[in-house]
Every structure is written in C-alpha cells, then in structure tokens.
2 protein chains.
Amino acid sequence: MHSLTSSQDTEVVNVRRRQQRSADTRERILAAAFEEFAERGFEATSTRSIAASAGVQHPLVTHHFESKEGLWKVVLTTVQANFVEYYGRYVHGEKHEDDVEELRRLQEAYIRFTAAFPNYSRLIFHMGSRPGPLLDWLLESQAKTYFRSLTQLIKSAQAQGRYVEGDPTHLQYLFIGCVTRIFMQWAEAERVMGKSLASETFVEQHVKLCLDLFFRDPPAAASAPAKKARKAAVSRSA
Amino acid sequence: MHSLTSSQDTEVVNVRRRQQRSADTRERILAAAFEEFAERGFEATSTRSIAASAGVQHPLVTHHFESKEGLWKVVLTTVQANFVEYYGRYVHGEKHEDDVEELRRLQEAYIRFTAAFPNYSRLIFHMGSRPGPLLDWLLESQAKTYFRSLTQLIKSAQAQGRYVEGDPTHLQYLFIGCVTRIFMQWAEAERVMGKSLASETFVEQHVKLCLDLFFRDPPAAASAPAKKARKAAVSRSA
DNA sequence: GTCTATATTATGATAGAC
DNA sequence: GTCTATCATAATATAGAC
C-alpha cells in the first residue's frame, strides 16, 4: 500500500504524467497532420490548422517536429511503415497454393486497406507532387520493392493465362487507379452514386469488381464452370 | 495606299494593338493558371507564381480576373468547355453501328484526351476538393450528363454480355481511375516504367489495355474467333 | 512541455502614376 | 492596360515566461 507518498514518488509520477502527455500531444499532432496533409496536400495545409484540429497550441508543432517539413516527413514515413506492416502480413504469411492465389490475396488486401484508410491513398498521391530526397527514398525503398514483388506474381499469372495481358508495371498503375479513385473522391462519389462507400456491401462489391477486371479464368482445359475449376486447374510453382 | 497616316489612323492602330496585347496577356495568364492550378491545386498556387510563369506583373491577374477565385472559376469553366467541345464531336458524330461500338469510341476518346492533356485530369481532381456553388454547377450540368449518357450505353452493352458486369456508375469510376492515374503521376510513372508516356506506342498500349479490361467478347453464339464475330453478333437498339 | 507574444516572410489585393 | 509601390493579412518559426 502506498498511502504515504514520498516526495520522490510524486516526482516520478509527475514525470511519467508529463511524458505521457507529451507523447499524447505528439500523437495527436501526427494524427491530425495525417488527415490534413491527405486532404489538402503539404502547401495548402497550415501548421495552425493542424494544431487546432489536434486541440493544441501551434508552437507545439515545431517543438515536437522541428518544422512543417519535418512533420511532413514523419507523417509520410509513419504512414508508409504502417502500410508496409499491414501489407507484410499478407506477403510473408502462409504459403499459398499457387502464385495466382497469392497475387489475388495481395491485391485484395490492397483494396481493403484502401477502403479502410482512403487518406492513405490521398497522401501517397500528394507525395508524388513534392519532388525531393524523401520522395526518392520512399520510391526506391518502398514502391520499387512493392512493384517488383507484384511484377513477378503477375508474370507468373499471365503465363498461366489467368491474368490480363500487358506490361505488368503498366497494369499495376491501372489497378491502383481502379482501386483508389472512387475513394479519393469519396464525397463526390457518394453524391453521384447515392450510396455510402463505407458500407460492408459496397466494399465487397468493389473488391469483386476490381479483381474480376484483372483476373481471367484459365484457358479452359475442360469447359467446367470457371469458379470451381480454378483451384484444380493449375499445378505449377513459378 | 496609306503612306500618309492621319492622327485618326494611328489612333485606331494603337487601340487595336492595345486590345491585342490585353487579350494576349489575358490568355497567357489563363494558360499559366491552368498549369499551376492543375499541378498544385487552388490553395497551394499563388497568383504571383502564375504571373511570373505567364511573364506578366502580378497586379494584372486581379485586373483581368477580379480575384484569384475569379481566375479559378474562369479556368475551370474554360477547360470544361474545351473538354465538352472535344468530346461532343464524338457524342454527336455519325451514328454508330451499335451501342457497344459507340461506347467503345467514347471511352477511347476519353483515354486519348487524357493522354493528350493530363493536366485536365489533375485539375478536375483538384476541383473535387473545393466544395462550393461552382463545383455543384459543374457537377450538375456537366458530370451528371456525362455519367448519364454513358450509363445508358454501358447497360446496353452489359445486356449483350459485351461489357463487364456491375453497377455502371461504379464501373465508370473504375474506368476513370484506370485511365487517368498513370498520367496524373506522369513523372513518377516514367521513372518506374523507364519509358516515355508521351510516345505514340505507349498511348496505343494504354488505349488497348484500358478498353480490353472492360469490354468482353460476346458470349459466343457460335464459337467463331471473337474479333471477327463482334460486328455481326448484335442487332438491337437500346 | 506548454503557453503568450512576436519577428519575418509570403500572399491577395489595391492605389496611383504613366 | 500596364507598371511601381504599398497595405493588410496569414503563415512559419522563434523567444521567453511559467
């Protein structure tokens, strides 16, 4: 029992509380910055609006992140790390039956991630319009490996006649556009379509539509119903 | 012969010259604003940088367009009018053999327009993030009719089994994303793909890839080679 | 770490000479 | 219509008290 608190005890408690609060505000600023940067891009976002949206005073932004540019960098690397972590669970998960199934699950993961965090797509898109060393780094270390691993799978799937023909990298751009566009224009799309994009059923529809565009049924060894034939039809390991 | 110029003559000539120069600067500002707004969006663009890029003094911007917001509106309506004019040539052109061919040519026109003027896509995209009466007007008067006319054609094509299944409006978003994304990230895409996006061959590839994703061969009344069967296979009018 | 106050710069807009 | 000079505001960033 600690009914008596020494001055040392209270000291320790206070330090912890302060550290906790500091970490809190840092996180709040980071989260708010993610939203604002994703919505408006870097230049059009002010550190004041970030601070206001985080419920803190604006000098705290530069105190915790050095500068607006520093905040931008931390937001980008953090968000990208989150994506890689989320996505890596699928990449390094259990071995799949074949390359096509693995590719399918990877792309499905990408679609669901996009639907769940549309601001990720917006932020990554805005990133492209800010050339500089950070963009180079993210492109080299992250995007390139993302493209490379998927390119292998796409080539394999194409060799089996189960993925649409064409340059794999080019196809990846088509796929990304397909998946993300409607979520990047969330408000407008909901008005035009007259339905919620957040609903379970819409996301399922979106997953199915996007995947069915790119995946093709195998070239019919037999003329069996396509869905059931899919798993049995292939037995290779690229 | 006018070897002798009365004071009235020179007066007229000077007025014309001034009007010409005025119209010129107006156009230069408009063109520069189109580029800058497309690249960076409204908030992130300064009227000074527009003026600099147009090679004029910055007060001329407000003189010709009242305000930055006024310039934005003129840019949007002008660009949209250009698009509608370009696109209308295909819509109200010769009657096509059937709905599927008409739909195909419309979408092909959209792809080629996007490849030729990638900044159009960027501007329209930025437009969506500036809610207001102008957005409402453009959406109601332009986008809605664009969506509506295409929706009809898509339904017709789907009924013939020659277009991918799904909600037509939803499919339009997929298509737009497919077509525009790679051009909206022009610089990055050229680096990743290692080829020029402006080349004739790339545009042709892009047209083919995008169209082939959404158009499907007819459900094989006979098992004839699909390409040749296309024109003969249908005889309806939605 | 957090707040108030402030320095500095960039921007949208205007005034007035030519 | 065009230019120079200038105002008013908003933004990034910092200084200094607590």
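Quick note on labels: first sequence line is chain A, next is B, and so on, each numbered from 1.
We find that CG of A:L60 is positioned 10 Å from P of C:dT4, with the value rounded to whole Å. Taking atom CD of A:Q57 as the reference point, atom C1' of C:dT2 lies 8 Å away to the nearest angstrom. One atom, NE2 of B:H64, and another, P of C:dT14, lie 15 Å apart when rounded to the nearest Å. One atom, CZ of B:F65, and another, C1' of C:dG12, lie 16 Å apart when rounded to the nearest Å. Taking atom CD of residue B:E43 and atom P of nucleotide D:dA10, one finds them 14 Å apart after rounding to whole Å. Atom-to-atom, CD1 of B:I29 to P of C:dA13 comes out at 13 Å; the value is rounded to the nearest Å. The interatomic distance linking A:R28 (CZ) with C:dT2 (C1') rounds to 14 Å, in whole Å.
Interatomic distance, CD of B:E140 versus CG of B:L135, reported as 9.5 Å (0.5 Å rounding).
Centroid-to-centroid, the aromatic rings of A:F183 and B:Y173 stay 6.0 Å apart or farther. The ring of B:F125 has its center closer than 6.0 angstrom to the ring center of A:F125.
Within 6.0 Å of CD in B:E66 there are 12 or fewer heavy atoms belonging to other residues, nucleotides or ligands.
With sequence neighbours left out, A:K155 forms a side chain to side chain donor-acceptor pair (under 3.5 Å) with no residue at all. With sequence neighbours excluded, the residues forming a side chain to side chain donor-acceptor pair (under 3.5 Å) with A:H170 are B:H206, listed by chain and number.
Note on B:T45: only backbone sugar-phosphate atoms sit closer than 4.0 angstrom, heavy atoms only; bases stay farther off.
Contacts with DNA chain D (heavy atom under 4.0 Å) in residues 15-26 of chain A: none are found. Against DNA chain C, the stretch residues 127-134 of chain A makes no heavy-atom approach under 4.0 Å.
Below 30°, between 30° and 60°, or above 60°: for B:Y87 and B:F83 the angle between ring planes is below 30°, a parallel geometry. Ring geometry, B:W72 versus B:F37: the interplanar angle exceeds 60°, so the pair is classed perpendicular (tilted spans 30 to 60°).
Judged purely by distance below 3.5 Å, without hydrogens or angles, the side chains of A:R181 and A:Q185 pair a donor atom with an acceptor atom.
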Between side-chain atoms of residues 47-57 of chain B and protein atoms elsewhere (two or more places apart, or another chain), which donor-acceptor pairs fall under 3.5 Å?
residue	atom	partner	partner atom	Å
B:R48	NH2	B:H58	NE2	3.4
B:S49	OG	B:E36	OE1	3.0
B:S49	OG	B:S46	O	2.9
B:S49	OG	B:S46	OG	3.4

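Closest non-hydrogen pair, B:H64 versus B:S22, comes out as CE1-OG, 3.4 Å.
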## Note on the structure
Heavy-atom contacts, protein to nucleotides 13-18 of chain D, under 4.0 Å, summarised as B (base), S (sugar-phosphate only) or - (none) per nt, yield BB----
